[in-house]
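What's counted below: heavy atoms across the whole structure, side chains too, no hydrogens, waters or symmetry copies.
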Amino acid sequence: MARSKKAHGSVTRRGFLKGAATAAAGAAALTNAPIAEAVAAQQSGVPSGSAPAPSAAQIERDAGNVRPPAAPRSGQRAVLRPGSDLMVQVLRDLGVEYVAGNPGSSFEGLQESIINYGNPPNRMPEFITALHEESAVTMAHGYGKATGKPMCALLHGTIGVQHGSMSIYQAYYDRTPALLIAGRDLGFIAAHSANDMAGMVRSFTKWDAQPRTLAESLTAIQRAYNEAITPPCGPTLVVVDIELQKEEARDLKVPAYAAPGITGIDASQAREIARGLLDAQNPRIAVGRLRTVEGVRQAVQLAELVGASTSTSATQGPMSFPQRHPLCGPGASTTYDYALGLEAPAATVSLTGPALSTLLSRDTGNIGFGGIAPGVSRAGGGGGAASGRTIAIDAEASLPAIIEETRRQMTPDRQRVIADRANRHAAANAKARMEELRRALDQKRAGWDASPVSTARIYAELWPLIVNEDWILASPSGFSGGHNAQLWDHNKPYSYLGGQGAGGMGYGAPASVGAALAAKSRGRIVINIQTDGDLNYAPGVLWTAAHHQLPMLTVMHNNRAWHQELMFVEYMCGVRGRGGDRGHIGTTLREPYIDYRSMAAAYGMEAEGPITDPAKLNAALKRGLASVKRGQPYLIDVITEPR
């Protein structure tokens, strides 16, 4: 996956390198006749209309056997101001911290600029080496959920876009901002390029562009960033030709960036909502997933301003109301006379931003993805439809106007009533929390000393070790029991990042690596309770974590099976009267068992296990956390109960 070109003076760099490649290919034909014969055999008899096989020169270049031209004389450069430098400057101006990619020739100009342009080079953005495009995109997915901001992933041509497509699909379903850049090189391996490369994923991206000029490419990257962070958030894609990356930019300037304007409710609607909250005797605010940390801060501000009890979705995903805030819970009374929903259903009025169904015009093939296109899913939408009025407007963008109007209508008498109500809510919620915790602990004591190790014990042993740390639980917890929901406190916008979006596998480790990229510069640590089947889709991401020294603790939920599928197949065997003796075929990971300690070690990550004695778990967790706090990722293989 490589190639190079660029005009300079009367002899083009493209022509020079083609000549060099041809000469090298000729030499290869003389010194390595079998390769030349194989290439000739490939090229002969190619059916009409088929993609041509790579030429000898292309194979030599792809294998790295062609040397670059001799270095220019002192003080001279072949390209004074490459276009890709300007692209990197755009990313820097946007605040993009990281660009993850698996190296590919179609973006070699851009990669060179990322690692060499600027002072210091390879900072803001920093190039993150991925071993698979699927992992690169999922890193951006995890980073986006942890920060509310896009990370960039590079994709090589048609094959890179297809490698990353499942991860793009997941981020789309999860409404997570991500900036994708695909390189296109029409002059190299034909099968790696296409007229409309973005068309392969258009139905599950929010926006795409294929700029024709260097100037257009700069504005396209800016717009892609803005589209990604504008609701409904999602992945966007810019296809950048190799020639634009290598073009001499001369005096072209990077365009000034303008942040998107996201519309909130109008003044009359803000007055109405503020009046309803202030006039109510027992107002309620339901908070779903907001877009950014600032949105969470404003939701807390509004709840405190009106003394409303709140609900949260912090145990389902990021950017929601703090779970253990004194106002979060059922409150002193569950008879609510005014209920406001912020990206959540509510009985009186709900503010809910645009859904993915607003992007159906991009589904030109009428694929009709379930849960997005109407009438596709067999089951209902779920999630609890609101019985009140829904205003289709972004909740986060609406909060400043509601807060301002609430303050304007506030009186000293109302402030006294609100303070008293807030105190009663806080006392009732604290009591409810303790009762809930006691019930949870009683339930989770079952199997505490058993082997294989209880998943509840993993979460319970971890909590006192991280309670005073700034942590992110980046992996989905549903397959490992979801014990964090009852045992941990989700008080930060990024405490728990939730599930995969579309339920696809291969997500946990790369999403945790993306979250760890966000955590590294912010003094945080990442917890990854990693299911074993999921890790085996893309284990190479462990090397990325080790290489970039990311603060990530991975604890294996190693039940040696795809246990959900095992249960499905065993159930099917039973209802068909065949017995369950063979249900393990194709659903378990045995004969041989996989050694995850050795797997991690092979990728350069410190690891230990397998642990089967629960009494040894706590000491291992302490060792792992000590390593992570030093900036060294760590893996602990634990043989666990099925769920």
Side-chain angles (χ1 to χ4, degrees), residues 175 231-232 264-291 295-296 298-317 319-355 357 371 379-403 405-406 409-410 414 417-418 420-429 431-433 436 485 490:
R175 295 189 300 173
I265 57 174
D266 60 34
S268 64
Q269 292 169 323
R271 282 194 297 273
E272 174 194 336
I273 291 172
R275 188 182 311 114
L277 288 169
L278 289 171
D279 288 348
Q281 298 303 305
N282 189 25
R284 176 78 165 172
I285 299 177
V287 185
R289 178 177 168 183
L290 301 168
R291 289 183 288 105
V296 175
Q298 291 174 340
V300 172
Q301 190 176 354
L302 178 61
E304 292 176 346
L305 191 59
V306 300
S309 66
T310 70
S311 66
T312 181
S313 63
T315 57
Q316 285 85 53
M319 304 299 163
S320 194
F321 203 88
Q323 184 189 16
R324 305 307 179 200
H325 187 282
L327 292 174
C328 189
S333 169
T334 56
T335 303
Y336 311 118
D337 52 348
Y338 186 93
L340 171 65
L342 302 175
E343 303 297 343
T348 309
V349 61
S350 301
L351 305 180
T352 305
S357 57
S387 57
R389 178 165 60 103
T390 297
I391 302 175
I393 204 80
D394 183 65
E396 181 169 327
S398 302
L399 278 167
I402 298 172
I403 291 169
E405 187 59 38
T406 303
Q409 296 183 28
M410 185 71 71
R414 282 198 175 105
V417 170
I418 287 168
D420 178 66
R421 182 169 64 218
N423 288 334
R424 286 186 283 111
H425 283 330
N429 288 335
K431 181 180 179 182
R433 161 64 179 153
E436 177 190 10
H490 304 78

Which pair of heavy atoms, one from Ala344 and one from Gly288, lies closest together, and at what distance? CB-N, 3.6 Å

Give the intermediate values and the outcome of side-chain contact (heavy atoms from CB on, under 4.5 Å) for residues Val287 and Ile285. CA-CA 6 Å; Val287 185; Ile285 299 177; 3.9 Å; yes

Let me confirm one number: the CG-CG distance from Leu327 to Leu302, rounded to the nearest 0.5 Å. 10.5 Å

Heavy-atom closest pair, residues Ala346 and Ala339: CB-O, 3.6 Å

Distance check, rounded to the nearest 0.5 Å: Ser350 atom OG versus Ile393 atom CD1? 14.0 Å

Given side chains that start at C-beta, do those of Leu340 and Leu277 come closer than 4.5 Å, heavy atoms only? yes

Using the side-chain hydrogen bond (donor to acceptor under 3.5 Å, both in side chains) criterion, which residues pair with Asn282? Sequence neighbours excluded. His425

Could I get the full list of side-chain hydrogen bond (donor to acceptor under 3.5 Å, both in side chains) partners for Arg289, not counting sequence neighbours? Asp174, Thr176

Pro354: which residues meet the side-chain contact (heavy atoms from CB on, under 4.5 Å) condition with it, sequence neighbours left out? Pro231, Pro232, Thr358

Any residue meeting side-chain contact (heavy atoms from CB on, under 4.5 Å) with Arg271, in chain and number order, not counting sequence neighbours: Ala267, Ser268, Arg275, Glu405, Arg408, Gln409

How about Tyr336 and Thr348: do any of their side-chain heavy atoms sit closer than 4.5 Å? no

From Ile402 CD1 over to Gln301 CD, what is the distance, rounded to the nearest 0.5 angstrom? 12.0 Å

Got a donor-acceptor contact below 3.5 angstrom from the Ser398 side chain to the Gly264 backbone? no

Which pair of heavy atoms, one from Cys328 and one from Pro322, lies closest together, and at what distance? CB-O, 3.5 Å

List in chain and number order the residues that pass salt bridge (charged side-chain N to carboxylate O under 4.0 Å, His left out) with Asp279, two or more places apart in sequence or in another chain; answer none if no residue qualifies. Arg414

State which residues pass ring-ring contact (aromatic ring centres under 6.0 Å, His included) with Phe321; sequence neighbours excluded, sorted by chain then number. His325

Non-neighbouring partners of Thr315 that pass side-chain contact (heavy atoms from CB on, under 4.5 Å), sequence neighbours left out: Gln323, Ala485, His490

Considering residues at least two apart in sequence or located in another chain, which fulfil the salt bridge (charged side-chain N to carboxylate O under 4.0 Å, His left out) criterion with Glu436? none

Ser309: side-chain hydrogen bond (donor to acceptor under 3.5 Å, both in side chains) partners, not counting sequence neighbours: Arg284

Return the CG to CG distance between Leu399 and Leu290, rounded to the nearest 0.5 Å. 7.0 Å

Are any non-hydrogen side-chain atoms of Arg389 and Ile391 less than 4.5 angstrom apart? yes

The side-chain contact (heavy atoms from CB on, under 4.5 Å) partner of Ile273 among Leu351, Thr406, Leu278 is Leu351

A quick test of your reading: do over 12 heavy atoms of other residues, nucleotides or ligands sit less than 6.0 Å from CZ of Arg421? yes

For Thr312, the side-chain hydrogen bond (donor to acceptor under 3.5 Å, both in side chains) test, sequence neighbours excluded, returns Ser320

I need the full list of salt bridge (charged side-chain N to carboxylate O under 4.0 Å, His left out) pairs touching residues 323-352, with sequence neighbours left out, sorted by first then second residue. Arg324-Asp489

Sequence-distant partners of Ala397, side-chain contact (heavy atoms from CB on, under 4.5 Å), two or more places apart: Ile262, Arg291, Asp394

